[in-house]
Structure formats: C-alpha cells, structure tokens
Asks: 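The structure under discussion is supplied below as structure tokens; questions concerning it will follow.
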Amino acid sequence: MSLGGHLLELRNRVIICLIGLLIGGIVGWILYDPVLDILQTPIRQVAEQDGRDATLNFAGVASPFDLKIKVSLFLGIILTTPLWLYQLWAFIMPGLTKKEKLYALGFLAAAVPLFFAGAALAFFALPNAVRALMTFTPMGASNFVPAQDYFSFVMLIIVVFGVAFVLPVLMVGLNLVGILSADTIRRSWRWIVVLVFAFAAIATPSPDALSMFFLVIPMMLMFFLAWVICLLNDRKRKKRMIAEGTWVDPAELDEV
C-alpha cells in the first residue's frame, strides 16, 4: 500500500474513532447524573462518618456545564475502549504476518476486559483514597472540594488502575514476538515486586495496608500468570527451533 493509501486508511479509522467517541459521549451525557452521584459517595461518607462539612464546590457559573462535558467525554472513552483499540490494531494488521495478527487479536481480547476489571477495582479503592487524603484536614475546618479537581483525581485513578491491569498482557505480547523472554522476567522479579508495591502505594494513598493489597494481590497474580505463559511459550519455541536446527544456546553466545 502506498503512503497515500496508509494516510487515507488512517484518516478513515480516526473518523470512525471520533464517531464512536461522539456516540459514547452522548451515552455518557445520559449517564452523567447517576455516575456523578456514585463518584461523590466517598465525600458524603466522610461528611457523615467524621461529622465534618464536606461537599463538592463549583467555582464558576459555567463550571457545572464544563464538568458535565468532560465527564461525558471520559465516559465515552471508557465505553468505546473496544472500538478504538480494534481500530488501532486494524490499522497495524496489514503490515503483520498471519501469526502476528492472531497475537494482536489475542492481545485485544485480553486487554479490554482487564482494563475494565482494573477500572472497576478502582471504585473499591477510591473511598479509602478520598478518606485518607481528607484526614489531613484540620479539626473544625470544612472541605469544599473543587469539583473539577475531584473528578480529575477520580478519572486519573480509574485510568491508572485500568492501565496497570493491561501491563501483564503487554508483557506476554512482547514475549510472543520474541522481544522479552521468561528468563529475563525471572531475573527481574525483585524489580517487578518493588515496582508493583510502589505503584500500589501511589495509586492507593491510604494509611491502611488493606487498600494497597487490593491492587497488589491481583497485579502480582497476573504478573505470575503472564510469566508462566511466557515460560511455556519459550519452551515451545525452543523445541520448534531444535527440530528445525536453528536453536543456539544463549550460554554459547555469552562465551563468544
């Protein structure tokens, strides 16, 4: 395909994504009120349980309308995740082999539900995160939280959790195309554990360890499962290469 053909295809796929985002944004606009009510529940819980004034604050006349547009578009992006991920892979697929296309479809099939699972788990961590941050408010003071800042924080937590759950799938994908080996992952397990705990501590800023382990445990299980899949794939690749006579022992390469 010529450069002009690639650019034309890219334009068409971007248009499809934009149309999908528009439709998703309309659905998000309809769902705005119930979603808003759910997301501000942690603030209401702090007000009720701690006996302090805590509520969302809209600083300007146009702030409620501006926030509704932003939240609607954010919901549109979340709802249309399968669409824009598929369009991304569909644009790349023409340059891939048949086997690599299957890998791409497998990545898409695993990444989408895992992203949603991570986003859903964020709702469990969110109340503890909000409570932990609001405990720094001095006694007798009130929390009038800017709505724009609060929902930016909420959307960041949701995206971070979603992306965190996709990382093990990316690790498997790199292994399938021969970039990352299971042995490399095994040698780096200490760094993986440290990074997972550091990530969980940042993503769940709560004083109790339980909230952090809500994210650490599933992430470590997924990384372990990803390593097992990589290990099995490496063994399968080694057997195939030995049968073809193309296998070279890495130890021999190190000696050279």
Side-chain angles (χ1 to χ4, degrees), residues 10-88 111-113 115-138 140-166 202-206 211 215:
L10 177 61
R11 186 200 66 179
N12 293 337
R13 298 202 179 278
V14 169
I15 291 175
I16 292 174
C17 290
L18 291 176
I19 293 175
L21 179 59
L22 177 61
I23 297 173
I26 293 174
V27 176
W29 183 279
I30 297 173
L31 298 176
Y32 173 76
D33 289 331
V35 170
L36 181 71
D37 184 66
I38 293 173
L39 294 182
Q40 62 180 331
T41 298
I43 292 183
R44 289 199 299 265
Q45 290 177 347
V46 170
E48 295 172 359
Q49 297 175 10
D50 296 353
R52 69 161 65 105
D53 293 328
T55 184
L56 291 181
N57 179 45
F58 292 90
V61 176
S63 293
F65 178 73
D66 182 50
L67 179 64
K68 189 169 185 176
I69 292 178
K70 290 181 178 179
V71 174
S72 299
L73 290 176
F74 174 74
L75 290 174
I77 293 174
I78 297 295
L79 294 173
T80 59
T81 298
L83 174 65
W84 54 262
L85 278 178
Y86 172 78
Q87 293 301 323
L88 174 63
V112 171
F115 179 86
F116 284 124
L121 185 62
F123 283 101
F124 291 95
L126 183 62
N128 286 332
V130 172
R131 171 176 289 278
L133 293 174
M134 295 184 74
T135 55
F136 292 98
T137 304
S142 300
N143 288 103
F144 296 104
V145 184
Q148 298 277 4
D149 295 343
Y150 175 72
F151 285 104
S152 295
F153 168 75
V154 170
M155 289 185 284
L156 177 62
I157 289 290
I158 292 174
V159 171
V160 164
F161 271 62
V163 171
F165 273 53
V166 175
I202 296 172
T204 57
S206 176
S211 299
L215 183 58

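Computed over heavy atoms, backbone and side chain alike; hydrogens, waters and symmetry mates excluded. Not measured: the values here are computed from a predicted model.
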Asks: Identify, with sequence neighbours excluded, every residue that meets side-chain contact (heavy atoms from CB on, under 4.5 Å) alongside I16.
Replies: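 So I16 forms a side-chain contact (heavy atoms from CB on, under 4.5 Å) with L83, Q87.
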
Asks: Which heavy atom in A147 sits nearest to a heavy atom in F58, and how many Å separate them?
Replies: CB-CE2, 3.5 Å

Asks: Distance-only check: which donor-acceptor pairs under 3.5 Å involve side-chain atoms of residues 20-35, not counting sequence neighbours?
Replies:
none

Asks: Which side-chain N or O atoms in residues 74-82 pair as donor and acceptor under 3.5 Å with protein atoms at least two apart or in another chain?
Replies:
residue	atom	partner	partner atom	Å
T80	OG1	G76	O	2.6
T81	OG1	I77	O	3.2
T81	OG1	I78	O	2.8

Asks: Roughly how far apart are C17 SG and N12 CG, rounded to 0.5 Å?
Replies: 11.0 Å

Asks: Under 3.5 Å, which donor-acceptor pairs do the side chains of residues 154-166 form with other protein atoms, sequence neighbours left out?
Replies:
none

Asks: Can you name the residues that form a salt bridge (Lys or Arg N to Asp or Glu O under 4.0 Å) with K70, not counting sequence neighbours?
Replies: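 Counting only residues at least two positions away or on another chain, K70 forms a salt bridge (Lys or Arg N to Asp or Glu O under 4.0 Å) with D66.
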
Asks: So which pairs with a foot in residues 146-158 pass salt bridge (charged side-chain N to carboxylate O under 4.0 Å, His left out), sequence neighbours left out?
Replies: none

